[in-house]
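All values below were derived from every heavy atom in this structure, side-chain atoms included, with hydrogens, water molecules and symmetry-related copies excluded. The first residue in the sequence is number 1, and the count goes up from there. Quantities reported herein were computed from a predicted structural model and do not represent experimental measurements.
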Amino acid sequence: ERADQLIEQVTGHPPETLFVAIVEAPGVDVDSATFRDGVEAAAAPLRDDARVLSVVTPADAPSFQAASMVNASSHDALVVVTLKGELKEALAAYPAVRAELDRGPFHVTATGHVPFVHDLDETLAHDLFVAELVSLPLALLVLVVVFRTVVAAVLPVGVGGLAVAGGIAAVFALSHH
């Protein structure tokens with residue numbers, strides 16, 4: 001919590017919509033114009049993006065901060081990106097904003113709260129889908145063994161499916177009104 005307060009104090013933006021893009025250029029000298037231009041090229045599309053509140057590259061940062069945003073030994077630089085809105089809007093905007101970062105000449109890795117939550121949501125959605133694909137046939141098999149007829153086994157699965165669909169529909173209806 002203290003770190004979040006410091007981030008907001010220093011940047012003037014909420015920390016939950018901020019992420020850091022690590023621009024990597026192996027073999028390129030960080031003091032060269034090629035490196036500086038590559039970092040700026042990676043960040044350039046975000047400067048005019050309506051979903052982005054601010055972009056800070058080492059060239060934009062005060063000199064005392066710029067030095068800590070570049071790592072000569074690993075040939076990379078940090079670009080601090082703050083998305084507009086609350087976390088929900090930032091998560092919706094993140095995939096498109098992240099895709100814009102990949103247009104530059106160097107490899108970009110994103111880290112921070114927004115990329116973490118986005119990737120976690122995608123992983124959970126995928127894993128839930130796989131779990132449902134595995135569990136439904138197994139449940140049907142167990143029910144067929146227990147009830148000894150296919151019709152009797154399908155009935156609880158159908159009722160359960162309708163209950164889940166109804167529950168999701170009710171939550172969706174309540175959340176949009």
Side-chain angles (χ1 to χ4, degrees), residues 1-25 30 35-71 74-133 161-177:
E1 196 169 304
R2 172 98 170 104
D4 286 347
Q5 290 172 345
L6 286 172
I7 290 170
E8 190 160 4
Q9 205 172 27
V10 170
T11 64
H13 305 299
E16 64 269 1
T17 62
L18 178 143
F19 72 93
V20 176
I22 304 168
V23 181
E24 301 170 277
V30 296
F35 183 80
R36 286 190 302 274
D37 292 345
V39 171
E40 288 302 317
L46 303 184
R47 295 191 188 280
D48 297 325
D49 192 319
R51 299 165 294 202
V52 176
L53 184 62
S54 72
V55 178
V56 179
T57 65
D60 304 324
S63 58
F64 70 90
Q65 187 181 20
S68 64
M69 293 177 74
V70 177
N71 186 334
S74 61
H75 303 278
D76 59 29
L78 304 180
V79 176
V80 180
V81 180
T82 306
L83 300 174
K84 286 184 179 175
E86 298 295 321
L87 181 60
K88 186 175 180 179
E89 293 88 8
L91 286 171
Y94 174 73
V97 171
R98 177 67 180 87
E100 288 183 23
L101 283 168
D102 285 331
R103 294 183 188 168
F106 301 140
H107 176 69
V108 178
T109 303
T111 186
H113 187 70
V114 174
F116 172 75
V117 172
H118 173 267
D119 292 348
L120 180 66
D121 287 348
E122 282 195 350
T123 301
L124 290 175
H126 176 265
D127 290 351
L128 182 61
F129 179 73
V130 170
E132 289 171 350
L133 285 178
L162 287 174
V164 169
I168 290 173
V171 168
F172 183 76
L174 290 173
S175 69
H176 281 74
H177 288 16

Within the structure provided, determine whether [X] and [Y] are in side-chain contact (heavy-atom separation under 4.5 Å).
| X | Y | value |
| --- | --- | --- |
| Val79 | Val39 | yes |
| Lys84 | Arg51 | no |
| Asp76 | His107 | no |
| His118 | Pro95 | yes |

How long is the gap from CG on Leu91 to CD on Glu16, to the nearest 0.5 Å?
->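 Leu91 atom CG to Glu16 atom CD measures 10.5 Å (nearest 0.5 Å).
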Rounded to the nearest 0.5 Å, what separation is found between the CD1 atom of Ile22 and the OG atom of Ser74?
->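 Rounded to the nearest 0.5 Å, the CD1-OG separation comes out at 8.5 Å.
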Heavy-atom pair with the smallest gap, counting every atom of [X] and [Y]:
| X | Y | result |
| --- | --- | --- |
| Phe35 | His75 | CE1-O, 3.7 Å |
| Ala42 | Val23 | CB-CG2, 4.4 Å |
| Pro58 | Ala77 | CG-CB, 4.0 Å |
| Glu40 | Ala59 | OE2-CB, 3.4 Å |
| Ser68 | Leu78 | O-CD1, 4.4 Å |
| Met69 | Val56 | CE-O, 3.5 Å |

Go through the side-chain N and O atoms of Glu86 and Thr17 and say whether any donor and acceptor fall under 3.5 Å apart.
-> no
Between Glu24 and Thr109, is any side-chain donor less than 3.5 angstrom from a side-chain acceptor?
->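 Note: Glu24 and Thr109 side chains meet the donor-acceptor criterion.
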Side chain to side chain contact (heavy atoms under 4.5 Å, CB included) filter on Leu46, not counting sequence neighbours, yields Val52, Val55, Val81, Val97, Glu100, Leu101
Go through the steps to decide whether His113 and Leu87 satisfy the test side chain to side chain contact (heavy atoms under 4.5 Å, CB included), and finish with yes or no.
-> CA-CA 9 Å; His113 187 70; Leu87 181 60; 3.7 Å; yes
Quick check, are the ring centers of Phe19 and Phe116 under 6.0 angstrom apart?
->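 So the answer is no for these two rings.
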Scan residues 47-71 for pairs that pass ring-ring contact (aromatic ring centres under 6.0 Å, His included), counting only residues two or more places apart or in two chains.
-> none
Which is it for Arg36 and Val30 under the side chain to side chain contact (heavy atoms under 4.5 Å, CB included) test, yes or no, and what are the steps along the way?
-> CA-CA 7 Å; Arg36 286 190 302 274; Val30 296; over 6 Å; no
Mind running salt bridge (Lys or Arg N to Asp or Glu O under 4.0 Å) on Arg47 and Asp60 for me, showing each step along the way?
-> CA-CA 12 Å; Arg47 295 191 188 280; Asp60 304 324; 2.7 Å; yes
